[in-house]
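Here is the structure we will look at, set down as structure tokens.
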Protein chains: 2
Amino acid sequence: MDVKTLCLGVLSMGDASGYEIKKVFEDSFSHFYVAGFGSIYPALAELTRLGHVTCSNIEQEKRPAKKVYHLTDAGLQAFRQTLSGTHPHHRVRSDFMVLVVFAHLLPPQRVEQILATRLEDIERQLKLIDHCVSENGQSAPGTAFAAGFARTVLLAGRDYIEAQRGELLKALREKS
Amino acid sequence: MDVKTLCLGVLSMGDASGYEIKKVFEDSFSHFYVAGFGSIYPALAELTRLGHVTCSNIEQEKRPAKKVYHLTDAGLQAFRQTLSGTHPHHRVRSDFMVLVVFAHLLPPQRVEQILATRLEDIERQLKLIDHCVSENGQSAPGTAFAAGFARTVLLAGRDYIEAQRGELLKALREKS
DNA sequence: CGCACCATGTAAGCAGTTACATGATTCG
DNA sequence: CGAATCATGTAACTGCTTACATGGTGCG
């Protein structure tokens, strides 16, 4: 699953500019996919070349002109095709977990800070999800399921850290 | 956090060959970091060049010779340094979530299969973690914390899918 | 007056994946 | 007898990140 495919997905929910697509990535997809301008703009150019999207230049007053992209039938078909052939991977790459595993090589104070930072990040993501859910009144059924899934998993992680942080720090302080 | 750093981490737990390091990645780290031979072998070569590890050729009977790597003091110091400067990111890249969000574009049967596959993957990872925990009697305190965290999060995800799958499929079938 | 937001792009570089290449041993 | 395990590596490719480049508007 690449950025091109995700852009098709965003555009299947309505026309948008590259800048607006980036915002959807940040606001709604950030808990399972991250992408910056450096990958989105080239992806949109390539999709235009392939005929999966069309592009209109929209002049604006008191604002820079923007390029609004629109999903074509061929694009929607290609998106469906890609979804059909995609295995439901779910990969985590967590520096947080690495830091925790090797916590005994760090000052306990630093470990405390790592846990606190992780909790803050979780809280931020929870707020993002709640905001999305309250804003998009009736969206696709999958969106609600995905939001609920993410919420549940984040809450479980938060509660675990809060419940076990004392134990971990005690063990680390005892060993040193 | 790159593969080089992770290799230093594995070697901080004891000498190992590239092949054995790969097994540690698969058995113990797979739920938060994935790496293949194509990144591990070049990483070890680079670490040797940097003096972070030393390498001994060990001939074996009825088995190919292997290169056993050993962490140097400089290597451990470099590892600690890297850990100190690493922000505890926790990024998820989930094709599963993408598929769920756009479930309304797929046949309900396929969605059912996606959820089932995800449940199988979770079950597999849970078994891996339980196996690691039971094998490594008394490891570092961070390892136990990390295993518990991963376990908790996986269980929460599994339970959510099991509780909500019926609702999702009902909604999808109603719309089509 | 400085920062954040709106808006689009390019180019260099890096990390990691995938495929290829080789070959003995052991187990079912 | 075929598949899995043990064992190491290279090379091409891909996909993404980061930094650069530009510039008007609105807010505190």
Side-chain angles (χ1 to χ4, degrees), chain A residues 1-8 10-11 15-27 29-30 32-50 53 55-69 82 86-87 89 91-95 98, chain B residues 1-8 10-11 15-27 29-30 32-50 53 55-69 82 86-87 89 91-95 98:
Chain A
M1 182 86 54
D2 54 21
V3 175
K4 278 200 312 233
T5 306
L6 262 286
C7 286
L8 292 178
V10 173
L11 291 172
D15 294 357
S17 66
Y19 193 86
E20 287 158 355
I21 289 173
K22 171 86 188 306
K23 277 201 294 188
V24 174
F25 272 78
E26 270 172 359
D27 297 344
F29 292 177
S30 65
F32 59 88
Y33 209 96
V34 175
F37 289 127
S39 50
I40 292 172
Y41 285 126
L44 290 169
E46 175 69 6
L47 288 171
T48 308
R49 205 186 58 73
L50 289 169
V53 302
C55 169
S56 337
N57 272 306
I58 308 288
E59 298 290 332
Q60 294 179 113
E61 273 169 37
K62 311 208 174 181
R63 233 154 250 232
K66 61 178 175 177
K67 293 186 172 179
V68 171
Y69 294 89
T82 304
T86 297
H87 185 91
H89 286 296
R91 79 182 64 156
V92 177
R93 165 150 303 186
S94 176
D95 289 0
V98 176
Chain B
M1 182 84 57
D2 54 19
V3 175
K4 275 198 315 232
T5 306
L6 262 287
C7 285
L8 292 179
V10 173
L11 291 173
D15 295 357
S17 66
Y19 193 85
E20 286 158 357
I21 289 172
K22 171 85 189 307
K23 276 202 294 188
V24 174
F25 273 76
E26 270 173 357
D27 296 345
F29 292 177
S30 64
F32 59 86
Y33 209 96
V34 176
F37 289 127
S39 50
I40 291 171
Y41 285 127
L44 289 169
E46 175 69 5
L47 289 171
T48 307
R49 204 186 61 72
L50 290 169
V53 302
C55 170
S56 339
N57 271 306
I58 307 287
E59 298 291 332
Q60 294 180 110
E61 273 169 37
K62 310 210 175 182
R63 234 153 248 236
K66 62 178 174 177
K67 292 185 174 181
V68 171
Y69 293 88
T82 305
T86 297
H87 186 89
H89 286 299
R91 79 184 64 157
V92 177
R93 165 149 302 185
S94 178
D95 290 359
V98 176

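Numbers restart at 1 for each chain; the letters A, B, ... are given by sequence-line order, proteins then strands.
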When B:Pro42 and B:Arg63 are each assigned the nearest nucleotide of DNA chain D, the 5'-most assignment goes to B:Arg63
Residue pair A:Lys62/A:Met1 against DNA chain D: nearer the 5' end by closest nucleotide is A:Met1
Other residues, nucleotides, ligands: >12 heavy atoms within 6.0 Å of A:Gln60 CD = yes
### Message
Is the ring pair A:Phe32/A:Phe29 parallel, tilted or perpendicular, if the boundaries are 30 and 60 degrees?
### Response
tilted
Query raised in the report: Parallel, tilted or perpendicular: which describes the rings of B:Tyr33 and B:Phe25, with under 30° parallel and over 60° perpendicular?
Result: perpendicular
With respect to the phosphate group of [N], does any side-chain polar atom (N or O) of [X] fall under 4.0 Å of OP1 or OP2?
| X | N | value |
| --- | --- | --- |
| A:Ser17 | C:dA7 | no |
| A:Arg93 | C:dG16 | yes |
| B:Gln60 | D:dA7 | yes |

- Answer with base, sugar-phosphate or nothing: what part of the nucleic acid does A:Gly38 contact at a heavy-atom distance below 4.0 Å? base
Requested in this report: Select base, sugar-phosphate, or nothing to describe what B:Ala45 touches, counting heavy atoms under 4.0 Å on all strands.
Outcome: nothing
Q. With side chains defined as the heavy atoms from C-beta onward, is the minimum distance between B:Leu44 and B:Cys7 less than 4.5 Å?
A. yes
Among [options], which nucleotide sits nearest the side chain of [X]?
| X | options | answer |
| --- | --- | --- |
| B:Glu20 | D:dC6, D:dA7, C:dT10 | D:dA7 |
| B:Tyr33 | D:dC16, C:dG16, C:dA7 | C:dG16 |
| B:Tyr19 | C:dG9, D:dA7, C:dC6 | D:dA7 |

